[in-house]
J.: 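The structure's right below; bear with me while I get my questions together.
Remember, it's a predicted structure, so these values are computed and weren't measured experimentally.
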Amino acid sequence: MYARVSTSDQSCERQLRELAEFAERGGYDVMGVFKETASGTKSNRAERSKIMELAQTRKIDAVLVTELSRWGRSTQDLLDTLNRLSGWKVSVVAMSGMTFELDTPHGRMMATMLAGIAQFERDLISERVKSGLAAARARGKKLGRQPGQRPKSDKLAPGVLAAVEEGRSYRWIARDLGISKNTVLSIVKRHRENA
């Protein structure tokens, strides 16, 4: 069973419960539950890689997923992984009850259609975001970090300067505060320039 889960504990538990109930109704023997928290846009996801290894070594016959878009987000990524699984005689079964076996013409057609729809939805979201950013720029809104803004280093500056006055090394300060030595150097430099 594979679920790419959100960070919300309730949502995660609900998805896993629904997937477990689906597996029980379908009579599947569950070999393992894999919870993916990596971005769905990334093709190299640790938990999915573990499942692919199980499939390649013929330890599983099917992968149960909450929905097809949770397995692969782009059309190409989805079809690539489905083709690899098909070569190992492993099918992908979505909770909707649809089984994706690419060795049948019907399975190939359904996987291609659904992957195309998922990609279309992602493209629409991307277009809306780009449109919103363009509209904000047109209204004169400045996006991103503005020149001269250093929220993290400005917040840490008093601690850095106090440690320097105590005689601590820049390397020690960087390690202690979890910042780079270059950040420590730039904080001290800005302080000396403004003094």
Side-chain angles (χ1 to χ4, degrees), residues 2-16 18 34-49 51-52 65-84 92 94-96 100 109-164 170-171 173-195:
Y2 175 84
R4 193 180 64 76
V5 298
S6 67
T7 54
S8 160
D9 288 339
Q10 285 182 330
S11 178
C12 172
E13 292 305 316
R14 178 188 51 77
Q15 287 177 25
L16 294 174
E18 289 173 355
F34 299 86
K35 296 186 281 187
E36 190 75 73
T37 55
S39 169
T41 58
K42 294 183 180 174
S43 59
N44 186 15
R45 293 178 266 169
E47 296 302 300
R48 190 175 75 164
S49 296
I51 295 170
M52 295 299 281
V65 296
T66 51
E67 56 191 69
L68 189 61
S69 65
R70 297 294 191 173
W71 180 256
R73 285 302 227 187
S74 74
T75 305
Q76 193 58 50
D77 172 56
L78 179 66
L79 293 177
D80 286 348
T81 56
L82 288 176
N83 275 320
R84 288 170 57 202
V92 175
M95 278 196 332
S96 63
F100 300 92
M109 182 203 61
M110 291 302 295
T112 302
M113 277 182 14
L114 292 174
I117 291 168
Q119 183 67 44
F120 177 67
E121 288 174 347
R122 287 190 58 76
D123 291 345
L124 284 179
I125 291 168
S126 176
E127 289 292 321
R128 282 195 298 260
V129 168
K130 287 177 186 173
S131 174
L133 292 172
R137 281 190 204 99
R139 290 190 309 269
K141 178 81 174 163
K142 291 189 177 185
L143 304 173
R145 189 175 70 154
Q146 303 306 309
Q149 289 183 333
R150 296 171 296 274
K152 184 176 179 180
S153 66
D154 288 347
K155 180 178 150 188
L156 294 172
V160 168
L161 297 172
V164 168
Y170 290 179
R171 185 170 284 132
I173 296 167
R175 188 183 65 238
D176 190 51
L177 295 176
I179 56 178
S180 72
K181 184 179 165 191
N182 287 341
T183 302
V184 174
L185 286 166
S186 66
I187 290 170
V188 172
K189 182 180 176 184
R190 275 194 311 276
H191 175 70
R192 288 182 180 154
E193 287 172 357
N194 294 333

J.: So how far is it from Glu18 CD to Met95 CE, rounded to the nearest 0.5 Å?
T.: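 These two atoms lie 4.5 Å from each other.
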
J.: Look up atom OG in Ser131 and atom CG in Leu124, then write down how far apart they are to the nearest 0.5 Å.
T.: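 One finds 12.0 Å between OG of Ser131 and CG of Leu124.
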
J.: Using 0.5 Å steps for rounding, measure from the OH atom of Tyr170 to the CD1 atom of Ile179.
T.: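 Result: 11.5 Å between the selected atoms.
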
J.: Table please: side-chain donor-acceptor pairs of residues 188-195 below 3.5 Å, with sequence neighbours left out.
T.:
from: Arg190; atom 1: NH2; to: Ser153; atom 2: OG; distance (Å): 3.2
from: Asn194; atom 1: ND2; to: Arg190; atom 2: O; distance (Å): 3.2

J.: Distance from Lys35 atom NZ to Glu13 atom CD, nearest 0.5 Å?
T.: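 If I round to the nearest 0.5 Å, the distance is 6.0 Å.
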
J.: Look up atom NZ in Lys181 and atom CZ in Arg175, then write down how far apart they are to the nearest 0.5 Å.
T.: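 One finds 12.5 Å between NZ of Lys181 and CZ of Arg175.
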
J.: How far does CD1 of Ile187 sit from CG of Asp154, to the nearest 0.5 angstrom?
T.: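 The CD1 atom of Ile187 sits 8.0 Å away from the CG atom of Asp154.
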
J.: My understanding is that only residues two or more places apart in sequence, or in another chain, count here; which of them pass side-chain hydrogen bond (donor to acceptor under 3.5 Å, both in side chains) with Ser180?
T.: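 In terms of side-chain hydrogen bond (donor to acceptor under 3.5 Å, both in side chains), with neighbours along the sequence ignored, Ser180 is linked to Thr183.
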
J.: Throw together a table of side-chain donor-acceptor distances under 3.5 angstrom for residues 136-143, partners on residues two or more places apart or in other chains.
T.:
none

